[in-house]
**Student:** 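Structure below; questions to follow.
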Protein chains: 2
Amino acid sequence: MLYIVGLGLGDERDITLRGLDAVRSCHKVYVEAYTSLLCFGISSDGLSQLEKLYGKEITVADREMVEERADVMLSEASESDVAFLVVGDPFGATTHTDLVVRARKLGIKVKVIHNASVMNAVGVCGLQLYRYGETVSIPFFTETWRPDSFYQKIQRNQQLGLHTLCLLDIRVKEPSLESLCRGRKCYEPPKYMTIHTAINQLLEVEEMRRESAYSEESKCIGVARLGNEDQMIVAGSMKDLLGVDFGPPLHCLIVVGETHPVEEEMLEFYGIK
Amino acid sequence: MLYIVGLGLGDERDITLRGLDAVRSCHKVYVEAYTSLLCFGISSDGLSQLEKLYGKEITVADREMVEERADVMLSEASESDVAFLVVGDPFGATTHTDLVVRARKLGIKVKVIHNASVMNAVGVCGLQLYRYGETVSIPFFTETWRPDSFYQKIQRNQQLGLHTLCLLDIRVKEPSLESLCRGRKCYEPPKYMTIHTAINQLLEVEEMRRESAYSEESKCIGVARLGNEDQMIVAGSMKDLLGVDFGPPLHCLIVVGETHPVEEEMLEFYGIK
């Protein structure tokens, strides 16, 4: 049996009792490390917090491992119970559908244990979840790669009066260019997009396209460290939010659509004072 | 302090450790009963399961209580720690934004403890959450009241190639017409919309509007008892799903948009065999 267990958004105490039961019953425990684990408060020390709580040794499965060596994990799961821990929900922003498909093809039973993820916890900022349109991802722009498919999606959502959740890029364990050239693997330090970078990229694309999907006056909500003790939520125009220090990652950004009265009260509550 | 604690989707063991800590530390504990509590496996017996686990007496706050008597709960929360338990996530399909706004106006601190809700757990059916458009609600049609605003929303999502999550109506503690006439409160038995009723209503509206937003051949996924041990997920055309017995509530329905290869593999997996 392969258990895919959502850890939620805060720290080790955000696992559910059902999730904890599963982890404790498993022969082997992996934790997915290639999205937001470091922000989850799990450093080398954080991991040992998890291990202490679960009473289990945990193997960190980084991007390479999940993508290239999933076979090992799956073969273990065909013989005994294995838990694969995932930040947020197993089918949240980062989805593990592929792993489920592979497991099932091998005849391995899969049990999913859900938890909160950014996709639903973002409701805390006061905008109704059913008033969101398509979610967009904002990738880090480079000199040569500036994909802006998010622009049209935000535009469509705005036209329909819907809110847009923007998920901001995370780069963890990217091989450094230098290391690739030298034929051995070294990694860039992890990089998490801030709300400032996201807004600057959004405005850059608007500047280029000039279709008025949004402007620096557009109402947004910046959310930092969602679900953590020190979570920060600030509502204001894009321009205003550029002046706010949101602190450490993870950040996400919501471009606000048409609002209802209760939503407006919450926006006011989170407004820059 | 008012803790608003998500219980998740299954049973009492779906609370998080953080949620359990909060409940156990509270002076008074309420559980919201006007959405899907009965489906949550909390009957009079289920409630005592919760009480046993939490080591606390729990007051069931029905619709009237939350809407009319929230003042009592809030005044208690201004003096000591009170927990308000909510099925799913506090800001999932049913949102408690209003309660948060009222608490904050009274200067009461609010702490939200997130959990899975239908809004993210529905990812388990294999369609990527960021490929969903606006969520719709399908209300029970009556002889005289047949609101169909969902039609246009599904149509728009379909045109954009996006999936549509349809939340199906729940009627709990509706005063019976007879009791209203007699001036005393009696209630209709709870009513939960099935996938069959939802599809029949969808097709009835299509039949009337004839704008081809969808048809009985449209690909859908029916999901029953999401997050429970006996959850059931079946993919097929609307017509096909009318022939499937989904069993007890809660049900929800997804109208599938354009699919990616991994999504298709999952659809195949859940297809009618």
Side-chain angles (χ1 to χ4, degrees), chain A residues 6 8-21 53 88-93 95 97-98 100-101 104-105 112-137 153 156-157 160 162 165 167 226-227 231 262-263 265-266 269, chain B residues 6 8-21 53 88-93 95 97-98 100-101 104-105 112-137 153 156-157 160 162 165 167 226-227 231 262-263 265-266 269:
Chain A
L9 294 169
D11 63 26
E12 74 277 5
R13 296 199 71 75
D14 286 291
I15 196 170
T16 65
L17 299 184
R18 181 185 306 279
L20 189 59
D21 292 346
L53 175 66
D89 184 73
F91 300 96
T95 146
T97 314
D98 188 47
V100 175
V101 168
R104 283 177 172 157
K105 280 186 181 159
V112 173
I113 298 173
H114 291 288
N115 211 319
S117 69
V118 59
M119 304 299 283
N120 72 336
V122 76
V124 76
C125 74
L127 302 177
Q128 317 260 320
L129 285 184
Y130 60 82
R131 300 275 311 142
Y132 280 77
E134 189 174 2
T135 300
V136 306
S137 296
K153 292 176 186 174
R156 275 197 307 240
N157 288 342
L160 296 171
L162 302 174
L165 170 61
L167 301 173
L226 178 62
Q231 108 185 338
V262 181
E263 291 180 320
E265 282 193 285
M266 287 289 273
F269 179 80
Chain B
L9 294 169
D11 63 27
E12 74 277 4
R13 296 198 71 74
D14 286 291
I15 197 170
T16 64
L17 299 185
R18 181 186 305 280
L20 189 58
D21 292 345
L53 175 66
D89 183 73
F91 301 96
T95 146
T97 313
D98 189 48
V100 175
V101 169
R104 282 177 172 158
K105 280 186 180 160
V112 172
I113 298 172
H114 291 288
N115 210 318
S117 68
V118 59
M119 304 299 284
N120 72 335
V122 75
V124 75
C125 73
L127 302 177
Q128 316 261 321
L129 285 186
Y130 60 84
R131 300 275 310 143
Y132 281 77
E134 190 175 0
T135 299
V136 306
S137 296
K153 292 176 184 174
R156 274 198 306 240
N157 288 342
L160 297 171
L162 301 174
L165 171 61
L167 301 174
L226 178 63
Q231 108 184 339
V262 181
E263 292 180 320
E265 282 193 285
M266 287 291 272
F269 180 81

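Within every chain, numbering begins at 1; the chains are lettered A, B, ... in the order of the sequence lines, protein sequences first and strands thereafter.
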**Student:** Name the member of A:V262, A:L226, A:N157 that forms the most heavy-atom pairs with chain B at distances under 4.5 Å.
**Tutor:**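 Winner by heavy-atom pair count: A:V262.
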**Student:** Answer yes or no: is there a side-chain heavy-atom contact under 4.5 Å between B:V101 and A:M266?
**Tutor:** yes
**Student:** Under 4.5 Å, counting heavy-atom pairs only, tell me which of A:C125, A:G19, A:G227, A:G123 racks up the most with chain B.
**Tutor:** A:G123
**Student:** Flag the pair A:R18 / B:D11 as yes when at least one side-chain heavy-atom distance between them is below 4.5 Å, and no otherwise.
**Tutor:** yes
**Student:** For A:D21, which atoms come within 4.5 Å of any heavy atom of chain B: side chain, backbone, both, or neither?
**Tutor:**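 The side chain, not the backbone.
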**Student:** In terms of heavy-atom proximity below 4.5 Å to chain B, should A:V124 be classed as side chain, backbone, both, or neither?
**Tutor:**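 Both the backbone and the side chain of A:V124 come within 4.5 Å of chain B.
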**Student:** Taking every heavy-atom pair that is under 4.5 Å apart, which of B:Q231, B:R131, B:R156, B:E263 has the most such pairs with chain A?
**Tutor:**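 Result: the option with the highest number of such pairs is B:R156.
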**Student:** Measure A:L162 against the heavy atoms of chain B and call it side chain, backbone, both or neither at under 4.5 Å.
**Tutor:** side chain
**Student:** With a 4.5 angstrom heavy-atom cut-off, could you sort out which part of A:F269 is near chain B: side chain, backbone, both or neither?
**Tutor:**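 A:F269 touches chain B through side-chain heavy atoms alone.
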**Student:** Determine the option with the most heavy-atom pairs under 4.5 angstrom with chain A, choosing from B:V136, B:T135, B:L17.
**Tutor:** B:L17
**Student:** Where on B:K153 is there a heavy atom nearer than 4.5 Å to chain A: the side chain, the backbone, both, or neither?
**Tutor:**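 No part of B:K153 comes within 4.5 Å of chain A.
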**Student:** Is any side-chain heavy atom of B:L129 closer than 4.5 Å to one of A:D89?
**Tutor:**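 Counting from C-beta outward, A:D89 and B:L129 never come under 4.5 Å.
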**Student:** Do the non-hydrogen side-chain atoms of A:E134 and B:L160 ever get within less than 4.5 Å of each other?
**Tutor:** no
**Student:** Among B:V122, B:N115, B:N120, which residue forms the greatest number of heavy-atom pairs with chain A at distances under 4.5 Å?
**Tutor:**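 The candidate making the most pairs under 4.5 Å is B:N120.
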**Student:** For A:L20, is it the side chain, the backbone, both, or neither that has a heavy atom closer than 4.5 Å to a heavy atom of chain B?
**Tutor:**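 Only the side chain of A:L20 comes within 4.5 Å of chain B.
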**Student:** Checking heavy atoms, do the side chain of B:L165, its backbone, both or neither come under 4.5 Å from chain A?
**Tutor:** neither
**Student:** Please examine the side chains of A:H114 and B:D14, heavy atoms only from C-beta on, and report whether any two atoms are closer than 4.5 Å.
**Tutor:**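 Contact flag for B:D14/A:H114 side chains = no.
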**Student:** Non-hydrogen atoms of chain B under 4.5 Å away: do they reach the side chain of A:V100, the backbone, both or neither?
**Tutor:**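 Contact with chain B: side chain only.
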